[in-house]
Number of protein chains: 2
Amino acid sequence: MKEGETISIGGLKELLESKGVKPSYQRLRILEYIMKKNTHPSVDTIYKALYKKIPTLSKTTIYNTLSLFEKKRIVRSVTILDNELRYDFLKDPHAHFLCLECKEVYDIYLDSDLLYRDFIVGHRVNECHIHFRGICKNCLENAGRLEKIS
Amino acid sequence: MKEGETISIGGLKELLESKGVKPSYQRLRILEYIMKKNTHPSVDTIYKALYKKIPTLSKTTIYNTLSLFEKKRIVRSVTILDNELRYDFLKDPHAHFLCLECKEVYDIYLDSDLLYRDFIVGHRVNECHIHFRGICKNCLENAGRLEKIS
DNA sequence: TTCTCTGCAAACGCTTTGCACGGAT
DNA sequence: ATCCGTGCAAAGCGTTTGCAGAGAA
């Protein structure tokens, strides 16, 4: 998928099939959620969101589906928080920003050659993960507002 | 601690005191282990290593000690593997390399300005974490040897 | 029928919490 | 006596596994 390209919800079925994944109802809904939300959801977040529409949904299915997606290179797991897995729809290489205040994870598009290196000091590189931590724009602004009020 | 500077084991007590941490026997031993080993150990690794010398040692103490050290900015937790915490003695900013084969974590010293940015697209940056994943030098060489043999 | 997907329940493993003992001041 | 470090035991919580029923081919 090239930059700027969008995938219509109707194309989800074709996307799964092109990756060799049978497009079951649950899988389509989980993929749809990950693609529409850019929030790098946890299993629990996905579960809570989809549970309303699919009351029989099980977390096991979400775990199964996401590890299948990961194996088929449709999503990738983001290791930012140490206590839970977060998932990211596979777009162009990018970094992440974790807000320590609101726990939101933002995509950060960098122009760094680090993201594209094949070797580093003799080790063969398959993946490059970059993430920043701090206070996000929104929380900074909110903090500013609170100061003015008090 | 500046680059190139080394800390003698005898100086551990002073290091803890300078950070406002009472230098108990367990704390000294845990700090010593983290500083001597550059292997980014998990709690279990530390426990197994120190258990021989301190049979009464409890994992709770290691958890307590490490979170205290982290609060006092003596170590920092490395979020690379999602199923366990790894700890890193706080040196100059550096990146990590995780070998997917042997699970070893290597320090990588980079000359990237990413490590020193204060802001990124409006978010205030406190920390920058960079890690690569792949197959390390050693495992690559071993794989080569195996090929020759077979 | 056969194979795969789904999902309940239990197991698992790392981490945290509650609490009491004991040493230091 | 008080404070704080230590460590056992239990709880907590995200994830994985075992297995059986449902559904597709």
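Order of the sequence lines fixes the chain letters, A, B, ..., with proteins taken first and strands second; residue numbering starts at 1 for each chain.
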Seminar exercise, completed: Among C:dT15, D:dT6, C:dT6, the one nearest any side-chain atom of B:Gln26 is D:dT6
Problem set entry | Between C1' of D:dT6 and CG of B:Leu50, the distance in whole Å | 15 Å
For this session: Identify whether the distance between the nearest side-chain nitrogen and carboxylate oxygen of A:Lys72 and A:Glu70 falls below 4.0 Å.
Result: no
Seminar exercise, completed: Here the gap from A:Phe69 atom CZ to A:Phe89 atom CZ, rounded to the nearest 0.5 Å, amounts to 9.5 Å
Problem set entry | Close residues, residues 62-88 of chain A, relative to DNA chain C [heavy-atom separation under 4.0 Å] | A:Asn64
Exercise. Does the pair B:Asn138 and B:Glu101 meet the rule for a side-chain contact (heavy atoms from CB on, under 4.5 Å), with working shown?
Worked result: CA-CA 10 Å; B:Asn138 289 341; B:Glu101 193 80 23; over 6 Å; no
Exercise. Expressed in angstrom and rounded to an integer, what is the separation of B:Asp44 atom CG from C:dC12 atom C1'?
Worked result: 14 Å
For this session: Heavy atoms under 4.0 Å is the rule here; annotate nucleotides 19-25 of chain D 5' to 3' with B where the base is hit, S where only the sugar-phosphate is, and - elsewhere.
Result: -------
For this session: Name all pairs fulfilling the side-chain hydrogen bond (donor to acceptor under 3.5 Å, both in side chains) condition that reach into residues 48-58 of chain B, sequence neighbours left out, sorted by first residue then second.
Result: B:Asp44-B:Lys48, B:Ser58-B:Thr60
For this session: Check the pair A:Asp88 / A:His94 against side-chain contact (heavy atoms from CB on, under 4.5 Å), numbers first and verdict last.
Result: CA-CA 11 Å; A:Asp88 195 13; A:His94 61 277; 2.9 Å; yes
Seminar exercise, completed: Contacts satisfying salt bridge (Lys or Arg N to Asp or Glu O under 4.0 Å) that involve residues 20-29 of chain B (not counting sequence neighbours) are B:Arg29-B:Glu32
For this session: Have a look at B:Ser24 and say if it touches a base, only the backbone sugar-phosphate, or nothing, with a 4.0 Å heavy-atom cut-off.
Result: sugar-phosphate
Exercise. Whole-Å distance between C:dC5 P and A:Leu28 CG?
Worked result: 13 Å
For this session: Any side-chain hydrogen bond (donor to acceptor under 3.5 Å, both in side chains) involving residues 116-128 of chain A? Give me the pairs, sequence neighbours left out, ordered by first then second residue.
Result: A:Glu127-A:His129
Problem set entry | Salt-bridge criterion met for B:Glu17 and B:Lys19 (N-O under 4.0 Å) | no
Using a cut-off of under 3.5 Å, enumerate the N/O to N/O pairs linking the protein to nucleotides 8-11 of chain C.
residue : atom : partner : partner atom : Å
C:dC8   : N4   : A:Thr60 : OG1          : 3.2
C:dA9   : N6   : A:Thr60 : OG1          : 3.4

Problem set entry | Joint hydrophobic cluster, B:Ile30 plus B:Leu28, side-chain heavy atoms closer than 4.5 Å | yes
For this session: Treating Ile, Leu, Val, Met, Phe, Trp and Tyr as nodes and any side-chain heavy-atom pair under 4.5 angstrom as an edge, say whether A:Ile130 and A:Leu81 lie in one connected cluster.
Result: no
For this session: In whole angstrom, give the distance that lies between atom CD1 of A:Ile30 and atom P of C:dC5.
Result: 13 Å
Problem set entry | Connected via hydrophobic side-chain network under 4.5 Å: A:Val21 and A:Tyr33 | yes
